[in-house]
Amino acid sequence: MLTLKMKNPDYVVYPAIFDNTNNDGFYTVTFPDIPDTVSQGKTLTDAMEQAPDAIAVALPDYPIYPKPSDIKKVQAENPDLVVSLVGVNMKEKLKQMRKRTIHKNVTIPVALADEADKQGINFSETLTKALEDKIKA
C-alpha cells in the first residue's frame, strides 16, 4: 500500500482566545486546536504580537498540523473574551528560529586560545563555521 505524506502548509491561521480576567491586566493567549500552547502579553496588542511565535514553536511537534476550528464556534464558546484569528508564516518563522543563537561554553587548550586571541580570531564565528563544515560532511 502506498502512503503519501501530506505536506503541512507554509502559512497557517488558527483561532486564539485572549483572556485578561484575573491576570493582573495581562492577556493569556490559548489556542483551542493546539493544546498546551500558551502565550501572553502585557496588553492586547502585545499578546497579539506574541501569539504567532507560540504557534511556530508548537506546530513542529505535530507530524500533521491540527485542523483549525471555526472562529464563530470558538467565539460562541467564549462570549466574554476576545477571539481572533492568528496567522503565521511557518516557513519564515522556522527560518528565523534557526538563526537564533545560544551561548555555549567550550574547553580548548590554553596555547590555542592565546594564539587565536593574538590573531584576533572570533571564537563564535570560527566554531560556527567549523560546525557547519562538520555537519555538511
Side-chain angles (χ1 to χ4, degrees):
M1 181 161 108
L2 179 64
T3 305
L4 298 175
K5 184 178 178 193
M6 303 255 328
K7 183 180 181 303
N8 285 317
D10 289 338
Y11 195 88
V12 296
V13 178
Y14 286 94
I17 302 165
F18 297 81
D19 183 355
N20 72 339
T21 55
N22 301 321
N23 289 335
D24 295 325
F26 281 76
Y27 281 84
T28 299
V29 187
T30 56
F31 306 88
D33 306 306
I34 314 170
D36 302 322
T37 301
V38 179
S39 185
Q40 73 171 5
K42 210 171 207 175
T43 64
L44 182 57
T45 300
D46 186 37
M48 288 189 165
E49 288 174 358
Q50 300 302 320
D53 288 346
I55 293 172
V57 168
L59 286 185
D61 290 340
Y62 291 83
I64 298 173
Y65 295 166
K67 184 178 185 243
S69 297
D70 181 332
I71 191 169
K72 291 177 185 171
K73 180 181 176 216
V74 176
Q75 184 66 73
E77 293 169 351
N78 300 277
D80 298 328
L81 303 175
V82 175
V83 175
S84 180
L85 291 173
V86 174
V88 60
N89 183 327
M90 290 297 294
K91 191 174 186 177
E92 289 301 313
K93 274 290 182 196
L94 293 174
K95 194 184 302 181
Q96 287 173 5
M97 288 169 30
R98 281 191 290 273
K99 289 181 181 177
R100 286 185 16 224
T101 60
I102 61 170
H103 180 83
K104 288 288 201 181
N105 289 330
V106 298
T107 304
I108 61 172
V110 171
L112 190 59
D114 289 344
E115 188 58 34
D117 284 337
K118 285 181 196 172
Q119 293 185 28
I121 294 173
N122 180 309
F123 286 82
S124 295
E125 183 181 304
T126 303
L127 178 58
T128 298
K129 177 73 171 117
L131 287 170
E132 288 171 347
D133 291 346
K134 184 83 169 180
I135 290 170
K136 288 178 191 171

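Since this is a predicted model, take the numbers as computed values, not measurements.
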A.B. asks: Determine, for Asp133 against Lys129, whether the closest basic-nitrogen to carboxylate-oxygen distance falls under 4.0 angstrom.
C.D. replies: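 Lys129 and Asp133: salt-bridged.
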A.B. asks: Could you go through the side chain to side chain contact (heavy atoms under 4.5 Å, CB included) check for Asp19 and Thr30 one step at a time?
C.D. replies: CA-CA 8 Å; Asp19 183 355; Thr30 56; over 6 Å; no
A.B. asks: Of the non-hydrogen atoms in Pro32 and Val74, which two are nearest, and what is the gap between them?
C.D. replies: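 Of all heavy-atom pairs spanning Pro32 and Val74, the closest is CG-CG1, 3.9 Å.
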A.B. asks: Determine whether Val38 and Val83 fall in the same hydrophobic cluster, where Ile, Leu, Val, Met, Phe, Trp and Tyr are linked whenever their side-chain heavy atoms lie under 4.5 Å apart.
C.D. replies: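 Unlinked, Val38 and Val83 end up in two clusters.
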A.B. asks: Nearest heavy-atom pair of Ala51 and Val29: which atoms, and what distance?
C.D. replies: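 The pair with the smallest heavy-atom distance is CB-CG1, 4.1 Å.
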A.B. asks: Is it true that, when you exclude Asn23 itself, more than 12 heavy atoms of the residues, nucleotides or ligands shown sit nearer than 6.0 Å to its CG?
C.D. replies: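 Atom CG in Asn23 is crowded, with more than 12 foreign heavy atoms closer than 6.0 Å.
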A.B. asks: Please give me the minimum heavy-atom distance between Ala47 and Tyr27, naming the atom from each residue.
C.D. replies: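 Result for this residue pair: CB-CB, 3.7 Å.
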A.B. asks: With rounding to the nearest 0.5 Å, note down the distance linking CD in Glu49 to CG in Leu44.
C.D. replies: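 Output value for this atom pair is 10.0 Å.
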A.B. asks: With a 4.5 Å cut-off on side-chain heavy atoms, are Val86 and Tyr14 touching?
C.D. replies: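 Sidechains of Val86 and Tyr14: no contact.
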A.B. asks: Tell me, yes or no, whether the heavy-atom count around Asn22 atom CG, taken from other residues, nucleotides or ligands under 6.0 Å, exceeds 12.
C.D. replies: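 No, CG of Asn22 has 12 or fewer neighbouring heavy atoms, counting only those of other groups under 6.0 Å.
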A.B. asks: What distance separates Ile17 CD1 from Asn78 CG, expressed to the nearest 0.5 Å?
C.D. replies: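 Rounded to the nearest 0.5 Å, the CD1-CG separation comes to 4.0 Å.
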A.B. asks: So how far is it from Leu127 CG to Glu132 CD, rounded to the nearest 0.5 Å?
C.D. replies: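 That separation rounds to 10.0 Å.
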A.B. asks: Might you point out which heavy atoms bring Ala54 and Phe31 nearest each other, and give the distance in Å?
C.D. replies: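 Scanning both residues completely, I find the closest heavy atoms to be CB-CE1, 4.0 Å.
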A.B. asks: Would Val88 and Val13 show up in the same hydrophobic cluster when neighbours are defined by side-chain heavy atoms closer than 4.5 Å?
C.D. replies: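 Cluster IDs for Val88 and Val13 differ.
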A.B. asks: Throw together a table of side-chain donor-acceptor distances under 3.5 angstrom for residues 58-72, partners on residues two or more places apart or in other chains.
C.D. replies:
{"residue": "Ser69", "atom": "OG", "partner": "Asp33", "partner atom": "OD1", "Å": "2.4"}
{"residue": "Ser69", "atom": "OG", "partner": "Asp33", "partner atom": "OD2", "Å": "3.4"}
{"residue": "Asp70", "atom": "OD1", "partner": "Lys72", "partner atom": "N", "Å": "2.8"}

A.B. asks: Rounded to the nearest 0.5 Å, how far does CG of Asp53 lie from OG1 of Thr37?
C.D. replies: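 The OG1 atom of Thr37 sits 12.5 Å away from the CG atom of Asp53.
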A.B. asks: Quick one: closest heavy-atom pair of Ala56 and Lys93, and the distance?
C.D. replies: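 Looking at all heavy atoms of both residues, the shortest contact is CB-CB, 3.7 Å.
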A.B. asks: For Gln75 and Leu81, indicate whether the former's side chain and the latter's backbone hold a donor-acceptor pair under 3.5 Å.
C.D. replies: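 Yes; at least one donor-acceptor contact below 3.5 Å.
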A.B. asks: Nearest 0.5 Å, what's the NZ-CG distance between Lys95 and Asn89?
C.D. replies: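 It comes to 8.5 Å.
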